[in-house]
Amino acid sequence: MSALDRNDPEVFKLVKSEEAYQQSTIRMIASENYTSKAVLEACGTVFQNKYSEGYPGARFYQGQVNCDAMELLAIERAKKLFGAEHANVQPYSGSPANLAVYLAFAKPGDTVLGLNLSHGGHLTHGSKASATGKWFNAVHYSLNPETELLDYDEIRRLALEHKPKLLIAGHSAYPRQLDFAKFRAIADEAGCILFVDMAHFAGLVAGGAHDNPVPYADVVTTTTHKTLRGPRGAMILCKEIHAKAIDKAVFPGLQGGPHNATTAGIAVALGEALKPEFSTYAKNVVANAKALAGELTKKGFKLVTGGTDNHLILIDLTTKGVPGKPAAVALEKAGIVLNYNTVPGETRKPSDPSGIRLGTPSITSRGFGISEMKKIADWMDAAVAHVEDDAFLAGIAKEVAALCAGFPVPGIE
Ligand code: DSN
């Protein structure tokens, strides 16, 4: 019996129930993944008991010998993995990491330029719903209405017209690679900081399956739990000349003490990402996404941009006659977990949009390959055609669970 089971059977039961849920369903939320057992273990250590305001060698509390060593280990691994001059591993998650970049380089009211939320940007790229859109003058670029791709001429035009402090590259729902050399050239011409948010594709960068923004950008943020397969947390990588500004913005600018146990988990995940097998993993994530995109296209799904070259797929369900939300709910009943999502040129509300977003990071972590992508496409097609037939959807869920039983989930024994 574990200590958790003995002390709090109610919480223990929910943990076990979540384990069973993660094991028996196909998780295709593009931003989720499975960490290794080693990462989970590192996050549940006595590093939870510490407070470490400050940075290694310059803390505001005594007793930091092991916290300093752990944080330095994570920093060194982050720098090595991405070829960065400086790394800060303290941000609590992606949104605080992004806010730290605003704090380091801009003042309230300054102009920033980022991708429109409904075209695949993130809330913290200046959405009116976020502090970044309320406190800064956010201007947005959109995808080209015909190609649904980034339009670098339009980004350049907006950058030269608005002269932003920050040019933000990065996304939460854009199924293509970014051209960092073009972003760099635009930032140079407009005289602004190039800020890349690589949260979604950091693991692909680490594994060599996506271009690395670090050589081009002034500052790069990433969460550590998406394609990178670490714990819930974040990092900021930057040029040495920006190191002080970034460190000051994270602490004391925005945060108190770092979450040391999370830092331990990040160090483990970075160590795993430095191994050659992680490169195979990253390439398989993209190969699976491409294979699934091909199968879904054959079945008449309309994929935004016509396909993918990263880990995610965005589908406009208008051609299937079902909005995104009922489709996502039906797919969950069928054991396929993803999220409803706006699509470029969205005509519906964000809470009830036209599309769905799905990704292959989690299923690739458990070993799904090309033949499983065909099965997933078959099930998705059948489920979307029967969104109101609970018995039919439950039948698919049984088949899904049977397939999942053959693919143990990392981190769950
Ligand atoms: N919530 C994340 C996503 O799903 O893309 C972004 O922070």
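Indexing begins at 1, ligand by ligand and atom by atom, following the structure's order.
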**Message:** Looking at D153 and R157, is any side-chain nitrogen of the basic one under 4.0 Å from a carboxylate oxygen of the acidic one?
**Reply:**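 The answer is no: the pair does not qualify as a salt bridge.
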**Item:** Minimum-distance protein heavy atom relative to atom 7 (O) of ligand 1
**Value:**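 The closest heavy atom on the protein side is H122 NE2, 3.0 Å.
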**Message:** Among all protein heavy atoms in this structure, tell me which lies nearest to atom 3 (C) of ligand 1, with the distance rounded to 0.1 Å.
**Reply:**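 Checking every protein heavy atom, the shortest distance to atom 3 (C) of ligand 1 gives S31 OG, 3.3 Å.
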**Request:** With heavy atoms of R357 as the reference, note each atom of ligand 1 found under 4.0 Å away.
**Result:**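 Contacts of ligand 1 toward R357, numbered from 1: 3 (C), 4 (O), 5 (O).
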**Message:** Taking 4.0 angstrom as the limit and counting only heavy atoms of S172, give me the atoms of ligand 1 inside it, by number and element.
**Reply:**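 The atoms of ligand 1 under 4.0 Å from a heavy atom of S172 are 5 (O), 6 (C).
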**Prompt:** Between F183 and Y216, is a ring pair (Phe, Tyr, Trp, His ring centres under 6.0 Å) present by the stated rule, with each step listed?
**Reply:** CA-CA 8 Å; F183 272 112; Y216 299 94; over 10 Å; no
**Prompt:** Going by the angle between their ring planes, with limits at 30° and 60°, are H210 and F180 parallel, tilted or perpendicular?
**Reply:**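 It falls in the tilted class, 30° to 60°.
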**Request:** Would you check if the distance from the ring center of Y92 to the ring center of H259 is below 6.0 Å?
**Result:**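 Judged by ring-centre distance (under 6.0 Å), Y92 and H259 do meet the cut-off.
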**Message:** Between H242 and F105 (judged by ring centroids, cut-off 6.0 Å), do the two rings come close enough to count as a pair?
**Reply:**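 Yes, the ring of H242 comes within the 6.0 Å limit of the ring of F105, centre to centre.
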**Message:** Taking only non-hydrogen atoms of H200, do any sit less than 4.0 angstrom from ligand 1?
**Reply:**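 Under 4.0 Å: yes for H200.
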